[in-house]
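When a residue number appears, it is its place in the shown sequence, counting from 1.
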Amino acid sequence: MCSVRVSNELGAAHPRTARFSLVVAVISSFVLGLILASILIITKDYYPYLFSSDSAVRRLVMQLTPLLGFCILVNNVQPVLSGVAVGAGWQAVVAYVNVGCYYLFGVPLGLLMGFVLHWGVTGIWSGMIVGTIIQTCILTWMVYRTNWNEEACVAEDRIRKWGGPSVSS
C-alpha cells in the first residue's frame with residue numbers, strides 16, 4: 001500500500017507528501033508491531049494453551065515468545081520500507097538487498113546458529129531475524145539519504161518516457 005502511495009505522490013510531483021507518507025507508514029507499522037508484540041509478551045503464559053495441550057510445546061512457545069514479539073516488530077517495519085523503495089522505482093536494488101541480507105546472510109547464519117552452535121529453533125530463527133534487521137537497516141539508510149525532490153523529477157521523466165501525462169501538462 002505504501003509503495004502505491006509513494007509512487008503516486010512522486011508521480012504527481014509531491015515529494016514532501018511522499019516523504020510524509022513514508023514517515024506515517026513506518027511509525028504506524030512500528031506502533032502496531034509494538035502493540036502486537038506487547039500483547040503476545042504479556043499473554044505468553046496463557047495463549048499457548050489455545051494451540052496445544054502438550055506441556056513441552058507450551059513451554060517452548062512461552063520461551064520463544066519474546067523472539068516472536070521482536071520478529072513481529074521488525075517484520076512490520078521492513079515491508080513498509082521495501083514498499084517505499086519499490087514505489088520510488090528501486091525494485092532491482094530492493095531485490096538485491098533482499099537476496100543478499102536474507103538468503104545469503106540470514107539463512108546461512110540461522111543454519112550455523114541452529115545446527116553448528118546447537119541453538120536449535122532459536123538459532124535458526126535468530127539468524128533469519130538478523131538478516132531481516134540488516135535488510136531493514138540498509139533500507140532505512142537508503143530512504144533516509146534520499147533526495148525526494150530529485151526522485152519526483154525521476155518519476156516525471158519515467159512518466160514522460162512511458163507515455164503518460166506529465167505533471168507540467
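Checking each of V97, V94, T136 against L81 for a side chain to side chain contact (heavy atoms under 4.5 Å, CB included) leaves exactly one that passes, namely T136.
Remark: R145 is positioned above the aromatic ring of W141, its terminal NZ or CZ atom under 6.0 angstrom from the ring centre and at most 45 degrees off the axis.
Between S7 and G87, the closest heavy-atom pair is CB-O, 3.2 Å. Nearest approach of G69 to A37, heavy atoms of both residues: O-CB, 3.3 Å. Between A152 and A13, the shortest heavy-atom contact is CB-CA, 4.2 Å. Between I129 and C71, the shortest heavy-atom contact is CD1-CB, 3.7 Å. Considering all non-hydrogen atoms of both residues, V6 and A88 come closest at CG1-N, 4.3 Å.
By the 4.5 Å heavy-atom criterion applied to side chains, S82 and L139 are counted as neighbours. Taking 4.5 Å as the limit, every side-chain heavy atom of R5 sits out of range of all side-chain heavy atoms of V84. Using a 4.5 Å heavy-atom cutoff, the side chains of Y49 and V61 are not in contact. Between L22 and W148 the shortest side-chain heavy-atom distance falls below 4.5 Å. Using a 4.5 Å heavy-atom cutoff, the side chains of I134 and Y102 are not in contact.
One finds the CD1 atom of I138 at 9.0 Å from the CE atom of M142 (value rounded to the nearest 0.5 Å). Of the inter-residue distances, the one linking C137 atom SG with Q78 atom CD reads 11.0 Å to the nearest 0.5 angstrom. Here the CD1-CZ distance, from I124 to F115, works out to 3.5 Å after rounding to the nearest 0.5 Å. Taken to the nearest 0.5 Å, the OG1 atom of T43 stands 10.5 Å off from the CE atom of M62. The line from CG of L73 to OG of S29 is 10.0 Å long, rounded to the nearest 0.5 Å. Rounded to the nearest 0.5 Å, atoms CG (L40) and CG (L64) are 12.0 Å apart.
Linking ILVMFWY side-chain heavy atoms closer than 4.5 Å, directly or via other members, places I27 and L32 in two distinct hydrophobic clusters. Linking ILVMFWY side-chain heavy atoms closer than 4.5 Å, directly or via other members, places F70 and L34 in two distinct hydrophobic clusters. Using a 4.5 Å cut-off between side-chain heavy atoms of Ile, Leu, Val, Met, Phe, Trp and Tyr, with links allowed through other members, L68 and L50 fall into the same hydrophobic cluster. Connection of V121 to V74 is established within a shared hydrophobic cluster, with ILVMFWY side chains joined at heavy-atom distances below 4.5 Å, either directly or through further cluster members. Cluster annotation: M128 is not connected to M113 through the hydrophobic network of ILVMFWY side chains, with a link wherever side-chain heavy atoms come within less than 4.5 Å.
For Y47, the OH atom counts as densely surrounded, since its 6.0 Å shell holds more than 12 non-hydrogen atoms of other residues, nucleotides or ligands.
Using a 3.5 Å distance cut-off with no hydrogens or angles, the side chains of S52 and R58 do not pair a donor with an acceptor.
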* **Steps toward side-chain contact (heavy atoms from CB on, under 4.5 Å) verdict (S126, L67)** => CA-CA 8 Å; S126 295; L67 192 57; 4.0 Å; yes
